[in-house]
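One structure is given here, and the rest of the page talks about it.
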Amino acid sequence: MDRIDTVPELPFRVGFTGHSGHIRIEPIPSVHQSSPVDSLPEFILPPAFVKETPESIKKFVEDKYLLPRLDDDEFCAEKSGRQWEFDWFDQAKVDLEPTMPRSIVVPAWELPFRRPSNLNKWEPASVQVDVSELVVEADNSIGVRISGPPKDFVKGSIHNRPFRPGGLDDSQSMGRTFPDGASNGEWVRELLIGAPAQVIPPSFKQGMNLGDLKGHPCSWIVCEDQNLPSTTPESTLSVQFDDLFKRAWEDDVMELRSDGDSSNSELEINVIEVVSPISIPSEAENKSEFSADPESSVIDQILSTTGSGGLTKDLDESGDDDQEKAKEAKVWAVTGGCDGIADHFDELVPDMALDFPFELDAFQKEAIYYLEKGESVFVAAHTSAGKTVVAEYAFALASKHCTRAVYTAPIKTISNQKYRDFCGKFDVGLLTGDVSLRPEASCLIMTTEILRSMLYRGADIIRDIEWVIFDEVHYVNDVERGVVWEEVIIMLPRHINFVLLSATVPNTIEFADWIGRTKQKQIRVTGTTKRPVPLEHCIFYSGEVYKICEQEKFISQGWRAAKDAHRKKIMNKQTGVGGSASLGAPHTQKPYTSFMRGKPNKPTSSQNIVSTGWANQGNNNWGSRISEKSVWLSLINKLSKTSLLPVVIFCFSKNRCDKSANNLRETDLTSRFEKSEIRIFCDKAFSRLKGSDRNLPQIMRVQGLLHRGIGVHHAGLLPIVKEVVEMLFCRGVIKILFSTETFAMGVNAPARTVVFDSLRKFDGKEFRQLLAGEYTQMAGRAGRRGLDKIGSVLVMCRDDIPDESDLKNLITGSATRLESQFRLTYIMIMHLLRVEELKVEDMLKRSFAEFHSQKKLPEQQQLLMRKLAQPTKSIECIKGEPAIEEYYEWYLEAEMYSNQITEKVLQSSVSQSFLMPGRVVVVKSQSGQDHLLGVILKAPTSVNKQFIVMVITPSLPLTLQSSDDPQKETNAGLQILKPKSKRGMDDEYYSSATARKGSGAVNIKLPHRGTAAGANYEVRETDPKEFLSICNAKIKIDQVGLLEDDSAAAYSKTVLSILNQKVNGNKYPPALDPVKDLKLKDMSLVETYYKWNNLLQKMSQNKCHNCIKLEDHIKVAKEIKKYKDEVDTLKFQMSDEALQQMPDFQGRIDVLKEIGCIDSDLVVQIKGRVACEMNSGEELICTECLFENQLEDLEPEEAVALMSAFVFQQRNASEPSLTARLAQAKERLYDTAIKLGELQAHFKIQIEPAEYAQENLKFGLVEVVYEWAKGTPFADICDLTDVPEGLIVRTIVRLDETCREFRNAAAIMGNSALYKKMEAASNAIKRDIVFAASLYITGL
């Protein structure tokens, strides 16, 4: 500020400092004082630092910012696998940005013709809107995306909002923020024509003064640049905006649709993408954007020059169909690529992000090319075909683009193995339930459940992800975990691209189309059906090998040869020659007859492939069976002689694997060098265990097998033992591996040969045959790429040969289709209810299960619009206001009631006794307009199975057929009333009844029609179901005269008798009383019967009943009703109520309201937020356990033991021995589960309370976990149960994750005591062999 002079000796200046505006007075010296520095001599001081060069600056930046280092002592290999409490992101020292405002003020747009005309300036109203609707990131997020604390960067928080799923429709608030009139340039046009401009900003009192604005006549024309080359006939686009705005103002609509739905708009504007003429050859200009192969509209100039017979020829063929193809629906799953991609790959992708030391296959080149273009790909190929190459390239692109890539796998073993494979190539991190390694890495490997949790919890790391790689996509068929894959695919934001890797499945295109349509992005489908190593399939029977399939072709001769050998062996046994004596095997050994705890396998008639295992053998022929040991020795000798080792033998039981390996105790297949390698490897691997753990029985037994080249692999093994077996098998020192099915999916370790011990498996519910897809998955492990020319697959047959058709379908049949396993879970519902913009209905609509119904929505919408545009018909009644609609509704309602009572009432034993000749009945009319009154003439007999009834028809036909013979005319079915003068004596109305006794024959031809007593009648056969009512009236009939003599007098008398039954103006006589006459006891049926009769009476009293235009009006009413029903059906099919799981959703919402997780307005309460933390156990039981404070009186060891019931999965286990307090806690928790099951059953959820409690609470390891938490050695706790060691370790590891979830829930609840208890419980179980680090992570 300016200097202020007070006195000559005291100059000073005044200023304001600080945020609070304090006054500061600073004196200014009036006389310049000399500085000591001024007396120093003038010379240049030496530099304090070395002179900087571009190289030194680059090295400094790389060392400090691009190459972060970790503490070598803290993050050494020995400590990997543990959960560190380390704040990665606080070390970055990143300055936080200012907090973003929650809302701002924006103008509210108003149509010009609605504004007051007498204003000189326009002052729009202002509205307050959310900032999240204005930020650039609004399309990718829900709500304000403000970065959370660094500790939640990777896994997110329950308080974060998730990102907006890709393909989700924009929220309604987006339309309020930027109306079309404010964003399409209309305000510029207003200024040009002299309309008042907006000069006052929102929330301001004054604005700019622009002076008087004068209008300037103009006309806007939007067209393309004429200098650009023409592309298509549609490229000349010219639209008069004056007409456009005029029409919009007249219709009071300002909508320019951006969703591509041009069929419903009156004015269509096509946006044409202008591409550089250099990159567009003339041959490709006419290719439609929405053609079946969008990429063929010029990959680039390279592919356009492939020759006349190449790509350009295909492009020219589509030139005439451009307009039709443009109108077709967009193809989301694009199959096949241009052949030129593989031929010109080096030119298309000159600078690859990752170089491979081998020549890529064609499908790999196509996938890499599309990845370079930033498109999503779906790769379907057989096992070992090279799908991992595509995943590696996605990692390389993420590193090149400084983004992130996520690799998800269904099994933890795959995650660990991929981490080891990728560690030397990329910056890789690992995230599983119990391990968190380098989460700041650019390439993250994680389980699908972890990624789902990150999406629901709005982890900020999602912003950086460019690729998500889904390996083993066919795992979506898994009943338990397949829903997780669908949730992740639906929830991923739109900026993330997909890389889907799958085995060959029949409906790859369908699944890719679902993903593309859900995410609104095209999916490139590529792959190969060619196996890198061809397979041959054989039968192994009685020591011989019979080839039955080669090059995907079934060989019937081989099957017949095996069948002949089996038949000859059976004949030798029957003749006493001795079938199995040639092998010298004893017959006294008791064979293995069960896969599951000694329970015999009972085959059914539909299980035709039972014969390949032991399951189909009865107790009677045990003595004649070849011993198990001899079978395996015969097989191993055969494989060894023919150089078919190593071999993987799939046994579908853990016990079966162990027993089969024990049968080869005398077999030794390794050399001295291999034994030394195995011994050194095992010593290094098990050296990290404690002394007592190294001598566990399982470890000692497996080491003994490994030294002889035999391995075992199943879920019952300790994790470290499984990893040792896998690594040694990959090294080739294990020659024989007995494994369960998980080895085929979880481990990438091919072998020379694959053997199937059986073709039946237990799937958790029942024994069944293998599916073709399961067989193909396991058989694909045969054949090592680069080592074997062919892979061998053997099916062991012991006592019978499977049918040829069964084997053929199994080997050459198609794989299992990808089916949706989507189901609603409580945690999914509450996660979605946390955010107002996300709806559970949207998740249901986008599931794979609803794909086909949602795909039809555009067609149904167009059909609905066409039906609504149709003119509706009306009925003009000559008797005043039309009542036909009411009459027609009565008719439909009466028909509904009649259908309900016909089967139960009219066909009951009581009613049958009333259906005798002479009984008056009401018969259903064939036209459906009016019912007929008639009488029963003859009851059913052995000759005539139906009733013969005479009914009064409503009116005469319009035309009569003439005939020369009156008798023939009568028999033909039409009887004309003769004048009285021409009647004979027999034709009088009241002639006496026939005195003779009839023979019971029916001499008239049915149906028999005629006229008598002024009314038309018809005699016909009638089914009992056509009776609508049994009247309480009964008349006398002349059965002989009616049916045998065809007497006109008898017909006249009967007609008059029927007509006389109408009393008091009613058309029908009263029906039999259902209680007094029919003796009905079902009250609901009796009530329905009365309603039905009342409706018949109402219809007879309606003015439309006897109307001459009744038939015409009924037709019109029927059409109107049909039209309304079709419109209502279409509206229902397009609504959320038509979703398959909507009833289940409503029931679950009621359950959540009842237990207090949500309120009546569907707002998630604190109890619901606690339930959102429960991922490892059943969320409702866990939440109720916490809120009922069931863990309060338990010690940490007892609490964690009780919590093991949430994560233990084995159904059958020995009964644990519990303390009194644990037994009481167990009963209390089980009662809570029963109550929740009953509550869900009450709200119509398909749950059996007892089964629900048993499925979600398994107390088999409570004692084991309790002893482990108290410090008991692992060898001792294994003696407390019959559960395998591997399952014990798996349960305790998952239990640590459950403790963390309970700890987080306790923090939400504010329960500090429970928080500390869960920390103590987690520390008590984290020790020794259970939490030993994975060999894949630490290495050897």
Handout entry: Over all atoms of both residues, closest heavy-atom pair of Leu431 and Ile450
Key = O-CG1, 4.1 Å
Problem - Working for side chain to side chain contact (heavy atoms under 4.5 Å, CB included), residues Leu500 and Trp485 - result: CA-CA 11 Å; Leu500 303 124; Trp485 292 71; over 6 Å; no
Exercise for the section: Please confirm whether the backbone N or O of Leu1180 pairs with a side-chain atom of Glu1178, one donor and one acceptor, at under 3.5 Å? Expected result: yes
Completion exercise
residues 1142-1161 vs salt bridge (charged side-chain N to carboxylate O under 4.0 Å, His left out), sequence neighbours excluded, gives Asp1144-Arg1148
Exercise for the section: Quick one: do Val483 and Met828 satisfy side chain to side chain contact (heavy atoms under 4.5 Å, CB included)? Show the steps, please. Expected result: CA-CA 11 Å; Val483 59; Met828 178 200 305; 4.2 Å; yes
Practice task
Only pairs at least two apart or in different chains count here, so list each ring-ring contact (aromatic ring centres under 6.0 Å, His included) that has a residue in residues 823-846.
Solution key: Tyr456-His831
Practice task
Would you confirm whether Asp471, through its side chain, and Ala409, through its main-chain N or O, come within 3.5 Å as a donor-acceptor pair?
Solution key: no
Handout entry: Distance, nearest 0.5 Å, that separates CZ of Phe1187 from NZ of Lys1167
Key = 6.5 Å
Completion exercise
From the list Leu444, Ile489, Leu492, Ile462, side-chain contact (heavy atoms from CB on, under 4.5 Å) partner of Val468 resolves to Leu492
Practice task
For atom CZ of Arg1290, decide whether the heavy atoms of other residues, nucleotides or ligands shown that lie under 6.0 angstrom number more than 12.
Solution key: no
Problem - Lys1244 side-chain N/O to Ala1241 backbone N/O, donor-acceptor pair under 3.5 Å - result: no
Practice task
Give, for atom OG of Ser1160 and atom CD1 of Ile1149, the distance between the pair rounded to the nearest 0.5 Å.
Solution key: 12.0 Å
Exercise for the section: Report the distance from atom CE of Met778 to atom CZ of Phe743, rounding to the nearest 0.5 Å. Expected result: 13.0 Å
Practice task
Calculate, to the nearest 0.5 Å, the distance between atoms CG and CD belonging to Asn1175 and Glu1301 respectively.
Solution key: 5.0 Å
Handout entry: Closest heavy-atom pair and its distance - Tyr775, Leu810
Key = CD2-O, 3.7 Å
Practice task
Output yes when Glu841 and Lys839 qualify as a salt bridge under the 4.0 Å nitrogen-oxygen rule, no when they do not.
Solution key: no
Handout entry: From CH2 (Trp467) to CG (Asn497), nearest 0.5 Å
Key = 4.5 Å
Completion exercise
Those residues at least two apart in sequence (or on a different chain) that pass side-chain hydrogen bond (donor to acceptor under 3.5 Å, both in side chains) with Trp514 are Thr518
Handout entry: Any donor-acceptor pair under 3.5 Å from Glu741 side chain to Phe650 backbone
Key = no
Completion exercise
On a heavy-atom basis, the closest approach of Ala1253 and Ala1233 is CB-CB, 3.8 Å
Handout entry: Minimum-distance pair of heavy atoms, taken over all atoms of Gln1165 and Gly1156
Key = CB-O, 3.7 Å
Practice task
Determine whether the side chains of Thr1298 and Ser1176 contain a donor N or O and an acceptor N or O closer than 3.5 Å.
Solution key: yes
Handout entry: Verdict with reasoning, Phe848 to Phe511, per ring pair (Phe, Tyr, Trp, His ring centres under 6.0 Å)
Key = CA-CA 8 Å; Phe848 189 37; Phe511 192 77; 5.2 Å; yes
Practice task
Output yes when a side-chain donor or acceptor of Arg823 lies under 3.5 Å from a complementary backbone atom of Glu480, and no otherwise.
Solution key: yes
Practice task
Output yes when a side-chain donor or acceptor of Lys521 lies under 3.5 Å from a complementary backbone atom of Arg494, and no otherwise.
Solution key: yes
Practice task
Please determine, by modelled atom types, if Glu1184 and Thr1232 share a side-chain donor-acceptor pair under 3.5 angstrom.
Solution key: no
Practice task
Using atom types as modelled and distance alone, determine if a side-chain donor or acceptor of Ser502 lies under 3.5 Å from a backbone N or O of Val473.
Solution key: no
Problem - Residue pair Arg834 / Arg457: nearest heavy atoms and the distance that separates them - result: NH2-CA, 4.4 Å
Practice task
Scan side-chain atoms only and decide if Ser847 and Glu850 contain a donor-acceptor pair under the 3.5 Å cut-off.
Solution key: no
Practice task
Check the pair Lys761, Arg768 against side chain to side chain contact (heavy atoms under 4.5 Å, CB included), reporting the backbone distance first and the verdict last.
Solution key: CA-CA 6 Å; Lys761 60 174 287 189; Arg768 61 169 176 81; 3.8 Å; yes
Practice task
Would you confirm whether Arg481, through its side chain, and Pro410, through its main-chain N or O, come within 3.5 Å as a donor-acceptor pair?
Solution key: yes
Practice task
For the pair Lys387 (side chain) and Val379 (backbone), establish whether a donor and an acceptor sit closer than 3.5 Å, ignoring hydrogens and angles.
Solution key: no
Problem - Gap separating the NE2 atom of His159 from the CZ atom of Arg1169, nearest 0.5 angstrom - result: 6.5 Å
Exercise for the section: Could you give me the CA-CA distance, side-chain angles and deciding distance for Thr816 and Glu774, then say whether side chain to side chain contact (heavy atoms under 4.5 Å, CB included) is met? Expected result: CA-CA 8 Å; Thr816 307; Glu774 297 170 339; 5.5 Å; no
Handout entry: NZ/NE/NH1/NH2 to OD/OE distance under 4.0 Å, Lys412 and Glu449
Key = no
Problem - Carboxylate-amine/guanidinium proximity below 4.0 Å for Glu510 and Arg817 - result: yes
Practice task
Take atom CD of Glu766 as the centre, draw a 6.0 Å sphere, and report whether it contains more than 12 heavy atoms from other residues, nucleotides or ligands.
Solution key: yes
Fill in the blank from the handout: Closest non-hydrogen atoms of Tyr1252 and Ile1181, given as atom of the first, atom of the second and distance, are OH-CG1, 3.6 Å
Problem - Flag, side chain of Ser157 to backbone of Asn160, donor-acceptor distance under 3.5 Å - result: no
Exercise for the section: For His1242 and Gln1240, test the side chains for any donor-to-acceptor distance below 3.5 angstrom and give the result as yes or no. Expected result: no
